[in-house]
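Here's the structure we're looking at; comments come further down.
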Protein chains: 2
Amino acid sequence: MAERRTYHHGTLRQALVDGAKEILAESGHEQFSLNEVARRAGVSTAAPYRHFRNRDELLGAVAEEGYATLADKLENADGLAALGGVYVRFAHDNPGLFVTMFRSRPGGTESAAGRAAFETLLRAVSAAQHSGEIATHASPEITARSLWVTLHGLAVLHLQQPHDRYGLGGEPEQLAATTLSALLGLKSD
Amino acid sequence: MAERRTYHHGTLRQALVDGAKEILAESGHEQFSLNEVARRAGVSTAAPYRHFRNRDELLGAVAEEGYATLADKLENADGLAALGGVYVRFAHDNPGLFVTMFRSRPGGTESAAGRAAFETLLRAVSAAQHSGEIATHASPEITARSLWVTLHGLAVLHLQQPHDRYGLGGEPEQLAATTLSALLGLKSD
DNA sequence: CTGCTATGTTAGTGCCGTTCACATCGAACG
DNA sequence: CGTTCGATGTGAACGGCACTAACATAGCAG
């Protein structure tokens, strides 16, 4: 990172979030280290504690930005199949970030962006139900939740089966299309 | 654990695996510590390295036993809805173990028990397709994979939404039934 | 009985997250 | 314009972690 001439960094908080994203992209969630983030930002290992209570809170801020990015990408997808492709593609392209976003942390706070992402999916499901593209076995809410669950499972398992085990190693868009087609009879043209 | 009178433990390897399971059950995957496992087994922190190359290899052995247990439970389930219930229930009752089994570890070895579990699901899907219980949008293999993906996503999201967010906090069997019904129109009685 | 090998211990290394006392600085106020 | 005060940074610690190297013990095979 750029040299710092002043005693105070000025924009350390965002620099830490950005650095954390970098590390997650390079080395994955398991290798993440708060000390390493501080080193990259050119500050002491104690500095981050002026902006975050602990390591988890920094990762939470990172996750929040991840949710916002994902919600935005989902918004620009048209149709259920495309939505699914975007979701799995996001996990594929940002595995460290994705794991950080959805790692088990009981009691985690609700994310506004996460909710927005779900609303986008919900709208797509409602439209597909009304157009008859998919069957109406349940309410839009339940159906959307069920589809989210499916896409999430697909993303998670895709990330950890790099050797194409169970055929889960293919291209994200293809995987999403095949899976939605198998469950819903959804055509993905 | 029981006091040890001899210099050599005798069955340390299994004691370590069992102790690791205990810790996972009590404190979860994130809190797991190899030193703590050694302490519980009443040996030095270096002893585990006579039986496992590193922490990950011990967790791998734990995961393998987890796969075997899960495969066994799935085998004794009748019908798709029951199978789904068993899967999500297992995650619910053994969150630490479940996370350990499916944590991201690129290049992880194929598990025989994991494969067996999938075969069980595959048989159930074939039967359901032949009886007309579910539609035949795709091959049994693809359909089984898609259902596994769904159940897995359900389990994962259930584990991390303890406050019933998105309605994912309910009883495992109920969640599985509702989800399969929404996607497939599957009746669960 | 002797010695080999498997399995244990002790004592260390370096990294981690976190805290505490102290340093610096910018902005708010007299 | 000078002072002070809160926000933000540093350096030096603490205990815990995964892991390693050198050494100790013991069970087993000759």
Side-chain angles (χ1 to χ4, degrees), chain A residues 1-24 26-63 96 99-100 103-105 107-108, chain B residues 1-24 26-63 96 99-100 103-105 107-108:
Chain A
M1 298 284 95
E3 289 300 317
R4 176 168 47 111
R5 321 199 143 273
T6 59
Y7 184 87
H8 288 302
H9 183 288
T11 57
L12 181 52
R13 187 189 164 96
Q14 190 58 43
L16 292 171
V17 172
D18 292 345
K21 279 180 172 175
E22 261 184 49
I23 296 178
L24 287 173
E26 291 170 16
S27 321
H29 175 261
E30 311 234 331
Q31 300 302 319
F32 177 84
S33 144
L34 188 51
N35 288 3
E36 173 68 19
V37 179
R39 250 174 261 128
R40 292 202 186 196
V43 298
S44 74
T45 65
Y49 291 89
R50 295 295 171 195
H51 300 272
F52 303 96
R53 260 188 317 180
N54 50 38
R55 175 196 138 110
D56 258 32
E57 204 172 279
L58 167 54
L59 286 177
V62 170
V99 169
T100 298
R103 108 205 104 122
S104 270
R105 62 204 139 120
Chain B
M1 296 279 97
E3 288 300 318
R4 176 169 47 111
R5 321 199 144 275
T6 59
Y7 184 88
H8 287 301
H9 182 288
T11 56
L12 181 54
R13 187 189 164 95
Q14 189 59 42
L16 292 171
V17 172
D18 293 345
K21 279 182 171 172
E22 261 184 48
I23 296 178
L24 288 174
E26 291 170 16
S27 321
H29 175 260
E30 311 234 331
Q31 300 302 319
F32 176 84
S33 143
L34 190 50
N35 286 4
E36 174 67 20
V37 179
R39 251 174 259 128
R40 292 202 185 197
V43 297
S44 74
T45 64
Y49 291 90
R50 296 295 170 195
H51 299 273
F52 303 96
R53 263 187 313 183
N54 50 38
R55 177 196 139 108
D56 257 32
E57 204 173 279
L58 167 55
L59 286 177
V62 169
V99 170
T100 299
R103 109 205 101 121
S104 269
R105 59 199 141 123

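Chain naming here is simple, since letters A, B, ... match the order of the sequence lines and numbering starts at 1 in each. Reckoned from all heavy atoms, side chains included, excluding hydrogens, waters and symmetry mates.
- When heavy atoms are screened at a 4.0 angstrom cut-off, B/Ser33 is found touching the sugar-phosphate backbone but no base atom.
- Comparing D/dC17, D/dA21, D/dA22 by their nearest atom to the side chain of B/Ala46 picks out D/dA21.
- Distance from the side chain of A/Asn35 is smallest to C/dC16 among D/dG9, C/dC16, D/dC19.
- Proximity of A/Arg103 to A/Leu59: side-chain heavy atoms (C-beta onward) are separated by under 4.5 Å at one or more points.
- With C/dT18, D/dG9, C/dG8 as the candidates, the nucleotide lying closest to the side chain of B/His51 is C/dG8.
- Residue A/Gln31 contributes atom CD, which lies 12 Å from atom C1' of D/dA18 at whole-angstrom precision.
- Between A/Arg50 and the phosphate of D/dG9, there is no side-chain N or O to OP1/OP2 separation shorter than 4.0 Å.
- Between A/Asp56 atom CG and C/dC16 atom C1' there is a gap of 14 Å when expressed in whole angstrom units.
- Looking only at side-chain heavy atoms (C-beta outward), A/Phe32 and A/Val37 come within less than 4.5 Å of each other.
- Atom CG of A/Leu12 and atom P of D/dT8 are 9 Å apart (whole Å).
- If you measure from atom CG of A/Asn54 to atom P of C/dC20, you get 14 Å, rounded to the nearest angstrom.
- The residue A/Arg13 sits apart from the nucleic acid: no heavy atom pair falls under 4.0 Å.
- How far CG of A/Asp18 is from CZ of A/Arg40: 12.0 Å, rounded to the nearest 0.5 Å.
- Out of C/dC16, D/dC19, C/dT9, the shortest distance to the side chain of B/Val43 is found at C/dT9.
- Counting heavy atoms from C-beta on, the side chains of B/His29 and B/Val62 never come closer than 4.5 Å.
- Taking atom CG on B/Leu34 and atom C1' on D/dT20, their separation rounds to 13 Å, with Å as the unit.
- Atom CZ in B/Arg55 sits roughly 18 Å away from atom P in C/dC15 (whole-Å rounding).
- A/Arg39 places its CZ atom 14 Å from the P atom of D/dT10, with the value rounded to the nearest Å.
- In this structure, A/Arg53 does not reach the C/dT19 phosphate: none of its side-chain N or O atoms is under 4.0 Å from OP1 or OP2.
- Between A/Tyr49 atom OH and C/dC16 atom P the separation is 11 Å, expressed in whole Å.
- Between A/Val17 and A/Gln14 there is a side-chain heavy-atom pair separated by less than 4.5 Å.
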